[in-house]
Amino acid sequence: MSDTDGDTDPDGDTDGGAAPEPVIRRDGEIEYEVVGAADGMGKGVLIGEEHGAPNFALRKFLIEPDGTVPRHTNEVEHVQYVLAGDYVVGIGDEEHRVGPGDSLLIPAGVEHWYENDGTTRAAFLCTVPHGDDAIELVEE
């Protein structure tokens, strides 16, 4: 692919850098860490910057029964896909019950929270752009 002003290299890259290498990570390779501000939540980075992903991170979150995540905001948008469980997510001033197959967009800066009021572990995928994903807890 070429470009008349010369800004695009043969791989279609506009930054002149090398294209990322393909990566496959197996389920058993994922390490989960406890999310400090939450109660009963774990986070695993499936694919991130450290694996060569140039723009986004794909993360998996687990919420144990009775697990909660307090009201907070993030500096970047979140796109989520529910894998398992049935739980409540608050977005802005609204509460939504979500379950497997549901998708969510939580825009940057929007208050949100989670509560797994069910009897089974909940799990969801979350994709975020690289950058400052600072979390700010919101006083209720």
Side-chain angles (χ1 to χ4, degrees):
M1 181 166 153
S2 65
D3 180 327
T4 55
D5 63 9
D7 290 342
T8 304
D9 68 22
D11 293 331
D13 245 335
T14 56
D15 65 2
E21 292 292 322
V23 173
I24 296 174
R25 297 193 70 222
R26 306 292 180 191
D27 187 50
E29 298 174 43
I30 309 304
E31 294 182 20
Y32 288 85
E33 62 184 45
V34 173
V35 177
D39 181 28
M41 176 180 254
K43 174 180 89 170
V45 177
L46 306 181
I47 298 286
E49 248 179 320
E50 62 271 32
H51 309 108
N55 301 303
F56 299 95
L58 177 60
R59 309 175 303 185
K60 182 177 178 182
F61 287 87
L62 307 172
I63 311 173
E64 298 300 328
D66 297 321
T68 60
V69 179
R71 185 178 293 269
H72 65 282
T73 61
N74 296 84
E75 291 292 319
V76 298
E77 70 188 53
H78 289 56
V79 176
Q80 299 178 352
Y81 179 79
V82 181
L83 296 169
D86 182 55
Y87 59 95
V88 177
V89 59
I91 304 173
D93 293 330
E94 296 185 23
E95 291 185 14
H96 307 272
R97 180 157 297 279
V98 297
D102 291 341
S103 301
L104 300 83
L105 168 63
I106 301 173
V110 172
E111 292 181 11
H112 57 289
W113 54 269
Y114 305 85
E115 179 181 357
N116 182 358
D117 56 358
T119 59
T120 61
R121 175 189 281 171
F124 64 91
L125 297 176
C126 180
T127 301
V128 294
H130 294 320
D132 184 7
D133 188 18
I135 297 170
E136 186 172 325
L137 297 179
V138 176
E139 297 290 327
E140 291 188 52

Over 12 non-hydrogen atoms of neighbours within 6.0 angstrom of CG in D66 = no
ask   = How close do F61 and C126 get, heavy atom to heavy atom, and via which atoms?
value = CE1-CB, 3.8 Å
request  = Following the transitive rule for hydrophobic clusters with a side-chain heavy-atom cut-off under 4.5 Å over Ile, Leu, Val, Met, Phe, Trp and Tyr, establish whether L104 and L125 coincide in one cluster.
outcome  = no
inquiry  = Quick check: closest heavy atoms across V69 and W113, and the distance to 0.1 Å?
reply    = O-CB, 3.2 Å
query = Roughly how far, to the nearest 0.5 Å, is the CG atom of L46 from the NZ atom of K60?
reply = 7.0 Å
message = For residues L83 and M41: do they belong to one hydrophobic cluster (side chain heavy atoms under 4.5 Å, members Ile, Leu, Val, Met, Phe, Trp, Tyr)?
response = no
request  = Check A53 against I47 and note the closest heavy-atom contact, atom names and distance.
outcome  = CB-CG2, 3.8 Å
request  = Measure across V45 and I30 and return the closest heavy-atom pair with its distance rounded to 0.1 Å.
outcome  = O-CD1, 4.0 Å
message = Looking at L105, I'd like to know if its CG atom is crowded, meaning that more than 12 non-hydrogen atoms belonging to other residues, nucleotides or ligands lie closer than 6.0 Å.
response = yes
note = Sequence neighbours excluded, the answer for ring-ring contact (aromatic ring centres under 6.0 Å, His included) partners of H130 is none
inquiry  = For N116 versus A122, what's the shortest heavy-atom pair and its separation?
reply    = ND2-N, 3.5 Å
task = Examine V89 and V110 and state if one hydrophobic cluster contains both, with Ile, Leu, Val, Met, Phe, Trp and Tyr joined whenever side-chain heavy atoms are less than 4.5 Å apart.
result = yes
ask   = To the nearest 0.5 Å, what is the distance between OH (Y81) and CG (D102)?
value = 8.5 Å
query = Name the one of Q80, E77, R59 that satisfies side chain to side chain contact (heavy atoms under 4.5 Å, CB included) with V128?
reply = R59
ask   = Which residue pairs pass the side chain to side chain donor-acceptor pair (under 3.5 Å) test with at least one member in residues 20-44, sequence neighbours excluded?
value = R25-H51
request  = Give a yes or no on whether F124 and L58 share a hydrophobic cluster (residues Ile, Leu, Val, Met, Phe, Trp, Tyr; joining criterion: side-chain heavy atoms under 4.5 Å apart).
outcome  = no
request  = I would like to know whether Y87 and V82 meet side-chain contact (heavy atoms from CB on, under 4.5 Å); could you show each step before the answer?
outcome  = CA-CA 10 Å; Y87 59 95; V82 181; 3.4 Å; yes
ask   = Between the side chain of H112 and the main-chain N/O of R71, is any donor-acceptor distance below 3.5 Å?
value = no
key: Euclidean distance, E64 CD relative to T119 OG1, rounded to 0.5 Å   = 12.0 Å
key: Atom of G85, atom of P100 and distance for their closest heavy-atom approach   = O-CD, 3.1 Å
task = Give the intermediate values and the outcome of side-chain contact (heavy atoms from CB on, under 4.5 Å) for residues I106 and N74.
result = CA-CA 9 Å; I106 301 173; N74 296 84; over 6 Å; no
query = Which distance, rounded to the nearest 0.5 Å, do you find between the CD1 of I63 and the OG1 of T68?
reply = 9.0 Å
